[in-house]
Amino acid sequence: MLPMFLAVVDQTIVATALPAIAAATGQVERASWIVVSYLIAATIAAPVYGRLGDSFGRRRLMFTALALFMVASLLCAAAPTIELLTLARVLQGFGGGGLMTLSQALIGEAVPPRERARYQGYMAAVAVSANTFGPIAGGYLTEHFGWQSIFLVNVPIGLIAVALTWRLHNPNVERLPWKADPGGLVLFVVFVVTTLLALEQIQHVELGALPLGAALFAISLFALAWLIHHENRAPSPLIPLKLLRLPAIWRSDAMAACHGGALVALITFLPVYLEAVRGASPSTTGLLLVPLTIGIGTGSLVVGRLVSKTGLTTIFPIVGMALATVCFVTLAFFASVMGMIALGVLLLLIGGFMGTVMGVVQVTVQSVAGQARLGEAAASVQFSRSIGAAFGTALVATALFATLAITSPDAAKAFVGMVQHAKQIGPALSPIQEAAIQSDIAGAFRVAFLTIGLFTTAGFFLALTNPLRRI
């Protein structure tokens with residue numbers, strides 16, 4: 001569980017330190033590279049580690065991922081420029097992708113199927129704790145010890161993870177035969193890179209960014225089609241298409257993508273809504289996110305124990321996604337009239353209902369894939385969630401800004417200024433104009449929250465049609 005904590009906390013702790021890194025390097029316009037480069041590398045690495053772990057041993061690969069992550073962390077701390085820091089973050093992402101995938105696979109390797117759900121609940125609680133701890137630790141370390149400290153802190157934690165991994169039992173099980181698939185790896189890299197960069201361009205919602213975004217998206221579709229054609233013929237494919245064609249697995253992976261899209265989009269845009277529409281301070285916004293994280297952790301732990309006791313699986317995300325959709329509709333239409341306490345209760349419920357998904361998804365794909373393919377199964381979930389999170393955030397951003405641009409160009413300009421941390425809605429506005437602009441922005445967020453609800457609705461139908469009902 002510690003490697004999982006390390007991988008998750010690194011993403012949130014770095015996001016907090018971005019302003020300080022940008023100021024130190026003097027290249028604010030390239031600060032996003034630090035986040036995007038890690039995301040791309042970790043997404044690419046997930047299926048590679050899954051496949052290698054199934055062939056050469058997941059414990060052995062965990063040592064490799066931890067060593068790579070720690071060495072890259074030292075390189076990040078020593079990087080004098082944003083370009084070198086970005087390269088180090090790519091290397092760190094190659095390690096971080098393995099930490100996420102192999103943590104899940106090692107649980108499946110060491111724990112009987114029925115008990116995996118309980119441990120998946122623990123893993124979800126660890127991930128939520130890391131998401132909560134990361135921004136706090138990042139802010140404190142950056143303020144008192146400099147931004148380099150957020151990378152150096154990974155080394156002692158990583159050494160503890162190495163010691164704990166060393167104590168794991170190394171089972172003597174049948175391993176899948178290995179044969180390199182360089183063509184599949186190249187096509188997969190092209191698909192992931194162009195897809196994530198296209199989604200990043202779409203989030204700008206600027207006419208000038210549309211041609212590049214469309215071109216990147218076209219390349220990603222071509223790479224995907226070629227990748228599927230190639231992997232169907234490869235003797236040892238990097239992407240296990242035969243496994244992914246199984247109804248229980250592709251529905252579970254799609255549900256993970258919907259869950260990632262909804263949750264990451266909510267965490268991304270809710271603070272913006274609270275500050276832009278409700279006028280909440282950053283500290284108040286942070287406090288309101290606490291019930292959401294508590295709900296996710298509690299929901300994951302409760303569902304994990306229920307699955308272990310009853311053997312039932314999809315009934316929990318069916319109920320959870322349905323109620324989460326109701327909560328997002330409530331958030332869309334009534335958030336503006338809710339007090340902060342009521343809003344906190346609603347976020348607690350959303351977190352609890354969203355916590356019903358990921359443990360069930362992991363247990364389902366691991367049960368269907370079998371012991372020999374635990375790495376591939378865990379990697380498919382991690383990859384699906386990453387792509388879903390990127391796509392969901394881009395889609396919600398597009399819906400938000402497009403609604404503003406269509407309904408009120410003045411509100412759109414004012415909102416862009418607010419997102420860029422301007423102090424006021426606009427220069428020399430009368431109270432009536434300011435109220436009108438705030439109303440337009442609130443209306444755009446209504447569309448954004450309903451868009452997030454579409455992801456949970458899709459997750460509900462995927463859970464409803466999943467053939468694996470009990471393990």
Side-chain angles (χ1 to χ4, degrees), residues 1-11 38-39 41-73 91-111 113 115-117 119-127 130 154 157-176 178 185 188 192 238-240 243 249 253 256 358-359 361-367 369-386:
M1 293 184 188
L2 192 57
M4 167 72 82
F5 177 85
L6 194 61
V8 175
V9 79
D10 182 76
Q11 300 178 47
Y38 181 93
L39 176 61
T43 305
I44 292 170
V48 176
Y49 277 103
R51 185 67 182 85
L52 289 173
D54 289 343
S55 296
F56 300 107
R58 300 164 193 114
R59 180 170 170 267
R60 182 183 304 173
L61 266 293
M62 178 62 85
F63 288 130
T64 302
L66 284 167
L68 191 59
F69 190 85
M70 287 187 289
V71 170
S73 296
L91 188 63
Q92 194 182 35
F94 287 145
L99 300 184
M100 299 284 286
T101 297
L102 295 171
S103 295
Q104 302 284 358
L106 283 169
I107 284 183
E109 186 175 84
V111 179
E115 288 295 308
R116 288 173 191 164
Y119 283 87
Q120 292 297 340
Y122 297 152
M123 293 287 281
V126 167
N154 292 332
I157 300 176
L159 291 174
I160 296 173
V162 169
L164 293 175
T165 304
W166 189 269
R167 297 176 58 187
L168 290 177
H169 175 63
N170 193 17
N172 185 18
V173 297
E174 181 183 357
R175 301 293 182 188
L176 293 178
W178 166 259
L185 178 60
F188 181 70
V192 171
L238 174 68
I239 309 299
L243 191 67
I249 289 184
D253 285 346
M358 289 308 297
V361 165
Q362 281 287 355
V363 169
T364 300
V365 297
Q366 290 181 10
S367 297
Q371 194 75 9
R373 295 182 178 272
L374 287 174
E376 291 180 345
S380 72
V381 175
Q382 182 59 35
F383 171 75
S384 299
R385 192 179 188 281
S386 296

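Quick note: residue numbers are just sequence positions, from 1.
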### Query
If only atom types and distance count, is the side chain of Asp253 paired as donor or acceptor with the main-chain N or O of Ser384 below 3.5 Å?
no

### Summary
When rounded to the nearest 0.5 Å, the distance separating OG1 of Thr101 from CG of Leu106 is 10.5 Å

### Test item: Val162 and Met70 side chains (from C-beta on) under 4.5 Å apart, heavy atoms
yes

### Minimum-distance pair of heavy atoms, taken over all atoms of Glu376 and Pro240
OE1-CB, 3.5 Å

### Task
Decide yes or no for Trp166 and Arg59: does some side-chain heavy atom of the first lie under 4.5 Å from some side-chain heavy atom of the second?
yes

### Message
Minimum heavy-atom separation for Leu243 and Arg373, please, with both atom names.
### Response
CD1-CD, 4.2 Å

## Note on the structure
Sequence neighbours excluded, the answer for ring pair (Phe, Tyr, Trp, His ring centres under 6.0 Å) partners of Phe69 is none

#### Entry: Any Ile107 side-chain heavy atom under 4.5 Å of Gln362 side chain
no

### Task
For residues Gln104 and Val381, determine if any side-chain heavy atom of one lies less than 4.5 Å from a side-chain heavy atom of the other.
no

### Query
Which atom pair, heavy atoms only, marks the closest approach of Ala377 to Ala369?
CB-CB, 3.7 Å

### Query
Of Leu185, Val192, Ile239, which meets side chain to side chain contact (heavy atoms under 4.5 Å, CB included) against Pro47?
Ile239

### Query
Who passes side-chain contact (heavy atoms from CB on, under 4.5 Å) against Leu52, sequence neighbours left out?
Val48, Phe56, Leu61, Trp178

### Message
Working to the nearest 0.5 angstrom, can you tell me the gap between Leu66 CG and Ile157 CD1?
### Response
11.5 Å

### Summary
Note: Ala379 and Gly50 closest approach over all heavy atoms is CB-CA, 4.2 Å

### Query
How far does CE of Met62 sit from CG of Leu102, to the nearest 0.5 angstrom?
5.0 Å

### Query
Going from CD on Gln366 to OG on Ser380, what distance comes out if it is rounded to the nearest 0.5 angstrom?
9.5 Å

### For Leu91, all residues meeting side-chain contact (heavy atoms from CB on, under 4.5 Å), sequence neighbours excluded
Leu68, Ala72, Leu75

### With sequence neighbours excluded, residues passing ring pair (Phe, Tyr, Trp, His ring centres under 6.0 Å) with Phe188
Phe383

### Task
Without swapping roles, check the side chain of Tyr49 against the backbone of Phe94 for a donor-acceptor pair under 3.5 Å.
yes

What pairs of donor and acceptor atoms, side-chain ones from residues 2-9 against any protein atom, are under 3.5 angstrom apart with sequence neighbours left out?
none

### Summary
On a heavy-atom basis, the closest approach of Ser73 and Asn154 is OG-ND2, 3.1 Å

### Task
Specify the closest pair of heavy atoms between Ala45 and Gly97, including all atoms of both residues, with the distance to one decimal.
CB-CA, 4.2 Å

### Task
For Ala42, enumerate each residue passing the side-chain contact (heavy atoms from CB on, under 4.5 Å) test, keeping only those at least two apart in sequence or located in another chain.
Tyr38

